[in-house]
Amino acid sequence: MEQPSAATWRTEDHGIGGEIYRLAGEIYPICRSITGDGVRETLGVLGRHVPLEVREVPTGTQVFDWTVPREWNIADAYVKDACGRRVIDFKASNLHVVGYSAPVHTRLSLAELKKHIFTLPEQPDLIPYRTSYYAETWGFCMAHNKLSELADGEYEVFIDSSFGDGALSYGEYLHRGQTGEEVLLSAHICHPSLANDNCSALALLTLLAKRLQGVRTRYSYRFIFAPGTIGAITWLAQNEANVGRIKHGLVVSCAGDGGGPTYKRSRRGDAVIDRAMAHVLRTEAPGAQVIDFSPYGYDERQYCSPGFDLPVGLFQRSLFGTFPEYHTSADNMDFIRPEHLGRSYELITAALDIIENDRTYLNLNPKCEPQLGRRGLYSAIGGDKNAPAKSMAMLWVLNLSDGKHSLLDIAERSQTPFAVIRETAALLEAHGLLAEKGQS
């Protein structure tokens, strides 16, 4: 049975990083939160590339220990000085307003206003990103240097926002494979103008889903674009009866900067996705970091909660919270680069290629080594600068193809890239030396 290859997934177009970057730039200006029109607008943009099913879960819906909150939308916000100049302007940057701020229109002294302003004194030129989802209040964010320039006096404060009974929105796309077993790929959609966290992953997974539409796969692939925490919780609550189909999963965020890459294992620690990502990073990304699971981070902690314990890991470049641009206005389109986005795409699809193509074989001539030269197998790789490594790969595959070791097992033990092991197995199968277990 012919299976897709990493080359098919990665496509011959080496401009995938540029495509991801352009899509990230298109959704970057949109003001998103955990609910509201910004999420819907973003899903509409992504939906031009893949046929997303947009789900709307009404306000007040109970989702395990949580409740879907009131929907929040914002039209404008500012702080004006005595001369009527906007010293804080939502239209200049949607990070200027604390997410989920209540509406307000009042006048305050500078001393009173400062109680509602957040800055980063240690990064005085940057605007921080702050939210207040579950405590009704209001606030602004600004560069600390700009706050220091404000003169004493009275300021007009205005936030044109609204709360109401509405819905939490998330997008879902299912690429159907040859089986109903699923790979879950998830990215959070709740952050406003933060390019790395998480326009990068939204764009990357959307274009991966687009590529998959023309590929025959063994697994089905479910893509989820949902608000962080409450969105994943809501999806799990709405799909609890079907999560048993998920055999592998990956949360993606911060995929566009030059750090890392970093992989955080699932709660299980030894799931196939954990092994596949660790193998890819070890063989293709020297210096990459693989870390153990912890119950803090992104939506992997919901998918990996003990009541579900799904095999879902987290792929990032720089680890969240560790780079100075994190949750600030410096996480802009200059911070992410097409080459880093393209490399993230390649590493993720290499891991998915392992999941798709891992097989267990039987050596049909297991008593001592078969005579490879007589079969022309050495000459098949003659002149190749990687010939010695490929010869060793043949010996490893023949030795460990005992019906107990999968191709991933062999790749890990031999410290050989999975793609080389898979290609070697196909060559040996074509020469009658191997048969897939159960088909010999």
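In this text, all values refer to a predicted model and were calculated from it rather than measured experimentally.
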Heavy-atom side-chain contact between [X] and [Y] under 4.5 Å:
X: I354; Y: H279; answer: yes
X: I246; Y: R222; answer: no
X: E284; Y: P417; answer: no
X: I233; Y: T229; answer: yes
X: L362; Y: S401; answer: no
X: D37; Y: E71; answer: yes
X: F418; Y: T283; answer: no
X: F323; Y: C254; answer: yes

If I compare all heavy atoms of [X] with all of [Y], which pair ends up nearest, and what's the gap?
X: T424; Y: A393; answer: OG1-CB, 3.6 Å
X: Y219; Y: E356; answer: N-OE2, 3.0 Å
X: V98; Y: S101; answer: O-OG, 2.7 Å
X: F225; Y: T206; answer: CZ-OG1, 3.6 Å
X: A351; Y: M277; answer: CB-SD, 3.3 Å
X: G38; Y: I30; answer: O-CG2, 3.4 Å

Flag, side chain of [X] to backbone of [Y], donor-acceptor distance under 3.5 Å:
X: R337; Y: G17; result: no
X: N94; Y: P29; result: yes
X: T131; Y: Y133; result: no
X: T59; Y: P69; result: yes
X: R301; Y: Y298; result: yes
X: T119; Y: H144; result: no
X: T35; Y: A167; result: no
X: Q123; Y: P324; result: yes
X: S200; Y: A255; result: yes
X: N399; Y: L395; result: no

Between H175 and Y221, what is the ring plane arrangement, given parallel below 30°, perpendicular above 60°, and tilted in between?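 Ring orientation, 0 to 90° scale: tilted.
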Any idea how H191 and H188 line up, ring-wise: parallel (<30°), tilted (30 to 60°), or perpendicular (>60°)?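 H191 and H188: perpendicular rings.
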Just checking, any donor-acceptor pair under 3.5 angstrom between side chains of [X] and [Y]?
X: S220; Y: E182; result: no
X: Y129; Y: S193; result: no
X: Y326; Y: D257; result: no
X: H327; Y: D197; result: yes
X: S186; Y: Y303; result: yes
X: S406; Y: D409; result: yes
X: N196; Y: D331; result: no

Candidate pair T234 and R55, rule side chain to side chain contact (heavy atoms under 4.5 Å, CB included), full reasoning: CA-CA 10 Å; T234 299; R55 316 290 187 186; over 6 Å; no
Taking the cut-offs as 6.0 angstrom to the six-membered ring centre and 45 degrees off its axis, would you call K437 and Y361 a cation-pi pair?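 Judged by the rule, K437 and Y361 form no cation-pi pair.
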Residues [X], [Y]: salt bridge by 4.0 Å N-O rule:
X: R70; Y: E136; value: yes
X: R343; Y: E346; value: yes
X: D274; Y: R265; value: no
X: R40; Y: E56; value: yes

Step through it carefully: locate the ring centre of Y100, locate the ring centre of F163, and say whether they are under 6.0 Å apart.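 For Y100 and F163, the ring centres are under 6.0 Å apart.
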Distance, nearest 0.5 Å, that separates [atom1] of [X] from [atom2] of [Y]:
X: N365; Y: K367; atom1: CG; atom2: NZ; value: 9.5 Å
X: L407; Y: L400; atom1: CG; atom2: CG; value: 10.5 Å
X: Y173; Y: K210; atom1: OH; atom2: NZ; value: 11.5 Å
X: I34; Y: C190; atom1: CD1; atom2: SG; value: 8.0 Å
X: L314; Y: L250; atom1: CG; atom2: CG; value: 7.5 Å
X: L204; Y: Y21; atom1: CG; atom2: OH; value: 15.0 Å

E122 atom CD, neighbour heavy-atom count above 12 within 6.0 Å: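 Above 12, so yes.
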Going through the checks in order, is the side chain to side chain contact (heavy atoms under 4.5 Å, CB included) test met by F64 and E240? CA-CA 11 Å; F64 302 124; E240 186 174 6; 3.6 Å; yes
Yes or no on side chain to side chain contact (heavy atoms under 4.5 Å, CB included) for V312 and I273, after CA distance, side-chain angles and deciding distance? CA-CA 7 Å; V312 177; I273 186 63; over 6 Å; no
Checking E19 against R211 for the salt bridge (charged side-chain N to carboxylate O under 4.0 Å, His left out) test, could you report, in this order, the C-alpha distance in whole Å, the side-chain angles of both residues, the deciding distance, and whether it holds? CA-CA 12 Å; E19 290 184 48; R211 291 288 190 276; 2.9 Å; yes
Applying side chain to side chain contact (heavy atoms under 4.5 Å, CB included) to M394 and L433, what does each step give before you reach the verdict? CA-CA 11 Å; M394 281 195 283; L433 291 172; over 6 Å; no
